[in-house]
Protein chains: 2
Amino acid sequence: MPTLSVFMDVPLAHKLEGSLLKTYKQDDCPNKMFLAYRVCMTNEGHPWVSLVVQKTRLQISQDPSLDYEYLPTMGLKSFIQASLELLFGKHSQAIVENRVAGVHTVGDSGAFQLGVQFLRAWHKDARIVYIISSQKELHGLVFQDMGFTVCEYSIWDPKKLCVDPDILLNVVEQIPHGCVLVIGNIIDCKLTPSGWAKLVSMIKSKQIFPFFDIPCQGLYTGDLEEDTRILQYFVSQGFEFFCSQSLSKNFGIYDEGVGILVVVAVNNQQLLGVLSQLKGLAEALWLNPPNTGARIITSILCNPALLAEWKQSLKEVVENIMLTKEKVKEKLRLLGTPGSWGHITEQSGTHGYLGLNSQQVEYLVRKKHIYIPKNSQINFSCINANNINYITEGINEAVLLSEGSEICLPKEKKP
Amino acid sequence: MPTLSVFMDVPLAHKLEGSLLKTYKQDDCPNKMFLAYRVCMTNEGHPWVSLVVQKTRLQISQDPSLDYEYLPTMGLKSFIQASLELLFGKHSQAIVENRVAGVHTVGDSGAFQLGVQFLRAWHKDARIVYIISSQKELHGLVFQDMGFTVCEYSIWDPKKLCVDPDILLNVVEQIPHGCVLVIGNIIDCKLTPSGWAKLVSMIKSKQIFPFFDIPCQGLYTGDLEEDTRILQYFVSQGFEFFCSQSLSKNFGIYDEGVGILVVVAVNNQQLLGVLSQLKGLAEALWLNPPNTGARIITSILCNPALLAEWKQSLKEVVENIMLTKEKVKEKLRLLGTPGSWGHITEQSGTHGYLGLNSQQVEYLVRKKHIYIPKNSQINFSCINANNINYITEGINEAVLLSEGSEICLPKEKKP
């Protein structure tokens with residue numbers, strides 16, 4: 001036995017996120033429900049997978065011509081090409097000018113890890129990052145681990161119960177020259193054209209480096225192009241930037257971590273320099289990215305019939321979520337729940353704020369066993385015909401019982 | 001257009017490894033062959049995949065009960081459990097005492113990345129790493145990137161044409177107190193029992209932290225237990241250590257990067273501390289490891305019939321490689337090639353040294369278009385019935401033409 005252990009003084013790490021799910025799992029109540037899954041759920045309460053993905057997965061597993069050799073460090077070329085065209089459009093200026101490329105990464109976390117490592121090494125003036133996001137993200141921790149000062153902002157105004165584009169403009173107005181700006185929910189920013197022009201002009205003049213996050217293209221509006229139109233606007237304005245493109249959620253291949261770190265440079269020569277540095281970093285991180293998810297996605301994106309089928313499935317998912325939001329709003333109206341609930345249907349995407357305060361949230365979790373985050377941002381795809389009545393009645397109770405009062409509910413002992 | 005570009009001063013990175021494969025790919029000669037693939041090749045010259053893997057892959061893709069939700073950050077529990085039992089045996093002391101665990105990683109590079117990040121954070125006295133390896137590894141670069149001083153040693157003696165266990169003992173004798181020691185080819189060390197006892201005693205007294213690498217259990221001797229017997233010896237001696245366990249190569253799932261960072265601690269309490277810290281690091285690296293490969297492997301390891309089939313396929317691969325080595329030796333004997341070629345059959349595993357000097361290697365590459373690394377360590381599974389004659393005749397020529405002479409071959413202009 002060694003006399004001194006290397007591990008002896010290693011303490012238990014502080015608990016990070018995920019405790020809501022843990023508490024939910026430990027709850028014995030048969031009515032319990034979890035409304036904060038990261039992934040899109042079906043009406044039956046299972047993680048959604050596009051049907052065309054299952055078909056393609058089966059077809060690939062039966063194809064004797066495929067090999068399972070290591071991918072190159074930069075990843076599957078055809079996958080990156082098809083994904084970039086999906087993001088920017090086939091005729092994108094940046095693609096035509098050969099100044100955009102991607103590195104195939106292990107999900108969006110991998111894309112952020114790689115991008116932040118690059119910025120640490122090559123953008124030494126930037127040590128502050130501003131993160132604009134409506135969802136709690138782990139990306140901030142990645143920046144923090146690498147020595148960045150992280151400032152996080154949400155553009156959701158919990159009092160006005162709406163996304164406030166002025167928050168974004170005000171933040172950018174105040175941030176210092178030369179930092180990094182992560183925009184995590186660009187489709188939700190709701191800026192007017194003149195607002196965008198103002199934003200772009202500030203980012204330019206302050207030489208801010210934008211790092212976009214596109215976690216689920218197509219799952220906001222149901223229209224793939226619409227969901228990234230603003231990104232294309234930045235390209236047309238000649239910007240250089242990074243973008244994390246995740247394709248796990250919009251195909252329903254959650255467990256493969258299919259991501260790309262997209263690099264847009266000012267010209268091809270600069271792009272090549274950046275890519276060569278990123279290659280070295282990716283070699284040390286994972287050497288070869290995983291293939292399965294990328295292979296399935298490429299098969300779909302490169303086959304017009306499968307592509308059409310996938311687009312249709314995205315549309316159906318988004319329509320279904322919109323319908324759920326309408327139903328929730330209508331049920332709350334019929335229950336006579338105090339308050340206006342229009343904000344529910346005004347938000348795009350799978351996730352949206354219920355607009356409840358912390359006591360109301362606590363009531364739902366503790367009394368009704370409906371697990372939702374403190375900011376009341378839930379995944380609306382978790383609501384279905386089986387649970388919608390219980391949930392809306394729970395919200396109604398929570399609002400009635402805590403309306404107008406700031407009194408904390410008495411603490412209940414856990415069974 | 002921004003006035004100043006962040007990317008402007010980013011230079012092209014220096015080329016890393018892989019240039020041999022690149023040169024090979026650019027070669028137009030129809031007879032060209034590449035004998036340095038990382039993966040095991042079939043007689044038909046394709047990457048080897050265990051047949052039981054293909055069967056299981058198909059079965060999984062047809063299973064409607066599976067979901068494709070994110071794996072936990074620490075990975076697929078059943079996969080880790082089964083893999084640890086494979087590595088240490090079901091009745092291993094460390095497993096029984098609950099002081100061994102694993103983190104599911106993106107391949108062996110991911111396992112090293114994670115392990116080295118931990119050591120940087122929590123083993124601050126260790127800033128020197130000694131790497132004992134017979135194969136050129138990228139792991140050294142990972143340590144280097146994190147600020148470690150890296151010293152690499154090979155235990156292959158190119159003059160005596162054999163593995164020299166004294167090199168290992170001498171290295172460990174000289175290295176300072178408290179460093180990290182990576183042993184990358186433990187099955188090849190060829191130490192006697194008293195040699196092992198001496199090594200263990202030095203590692204203990206110098207408080208050296210061992211980091212083992214098991215890249216392809218079962219592909220050395222064809223016997224899974226035999227290939228990790230020494231690791232079990234370290235466990236029985238009460239050591240704490242890390243081990244990178246890769247399961248990509250021995251199942252033939254190269255493109256999924258199926259790895260585990262194995263942690264052996266002195267007791268369960270220390271293990272939990274280490275795991276909680278590793279979780280935080282893995283969250284920042286990739287958040288969720290990829291599932292496909294782990295799912296296939298778990299299905300096989302947990303099914304006695306499939307497990308037996310897989311073990312049999314490993315045995316066949318190793319027997320086939322041994323047969324190839326025998327044939328190469330015999331053909332060289334029949335050609336009357338000067339020298340004794342017994343060292344070819346004395347080496348275990350897919351890779352082995354031909355024992356050629358640099359001029360002979362250069363002759364093979366430039367004149368015969370047989371691409372092999374400068375140290376003449378080739379992948380013997382790349383040799384098959386179709387190319388063995390060309391290769392052995394090439395070796396014969398190379399040895400005859402450069403035997404006894406240190407004259408450099410005239411440089412030939414590339415077409």
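The sequence lines fix the lettering, A, B, ..., with proteins before strands; numbering per chain opens at 1. None of these values were measured; they are calculated from a predicted model.
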Heavy-atom pair count under 4.5 Å with chain B, highest-scoring of A:Val116, A:Val142, A:Asp145, A:Leu287: A:Leu287

Reported CG-to-CG distance for the pair A:Leu275 and B:Leu12, which is rounded to 0.5 angstrom: 9.5 Å

Under 4.5 Å from a heavy atom of chain A, the part of B:Pro64 involved: neither

Part of B:Val264 lying under 4.5 Å from any heavy atom of chain A: backbone

Nearest atoms (heavy-atom pairs only) where A:Glu69 meets B:Pro47: CG-CG, 3.2 Å

Aromatic ring pairing B:Tyr70/A:Tyr254, orientation class (parallel under 30°, perpendicular over 60°, tilted between): tilted

Side chain, backbone, both or neither of B:Phe234 within contact of chain A (heavy atoms, under 4.5 Å): neither

Heavy-atom donor-acceptor pair, A:Gln113 side chain to B:Trp286 backbone, under 3.5 Å: no

A:Leu285 versus chain B, the contacting section by heavy-atom distance below 4.5 Å: both

Shortest non-hydrogen separation from B:Phe7 to A:Val263 and the atoms involved: CE1-CG1, 3.9 Å

Step-by-step side-chain contact (heavy atoms from CB on, under 4.5 Å) determination, A:His46 to B:Tyr68: CA-CA 10 Å; A:His46 303 302; B:Tyr68 296 92; over 6 Å; no

Heavy-atom closest contact (A:Asp67 atom, B:Asp255 atom, distance): O-OD2, 4.4 Å

Value rounded to 0.5 Å, distance of NZ in A:Lys55 from OG in B:Ser61: 14.5 Å

Heavy-atom closest contact (B:Ser276 atom, A:Ala13 atom, distance): OG-N, 2.7 Å

Residue A:Val49 versus chain B: region with a heavy atom under 4.5 Å: side chain

Heavy-atom pairs under 4.5 Å with chain A, option from B:Gln269, B:Gln277, B:Arg295 with the top count: B:Gln277

Per-residue contact mode, B:Phe112 against chain A (heavy atom under 4.5 angstrom): neither

Separation between CD of B:Glu283 and CG of A:Leu141, rounded to the nearest 0.5 Å: 7.5 Å

B:Gln270 and A:Ser5: side chain donor to acceptor below 3.5 Å: yes

Heavy-atom side-chain proximity of B:Arg38 to A:Asn288 below 4.5 angstrom: yes

Between A:Pro290, A:Ala111, A:Gly252, the one whose heavy-atom pairs under 4.5 Å with chain B are most numerous: A:Pro290

Interface residue of largest heavy-atom contact number with chain A, from B:Trp48, B:Tyr37, B:Phe209, under 4.5 Å: B:Phe209

Per-residue contact mode, A:Asp9 against chain B (heavy atom under 4.5 angstrom): backbone

A:Glu256 side-chain N/O to B:Thr292 backbone N/O, donor-acceptor pair under 3.5 Å: yes

Region of B:Asn267 in contact with chain A, defined by heavy-atom distances below 4.5 Å: neither

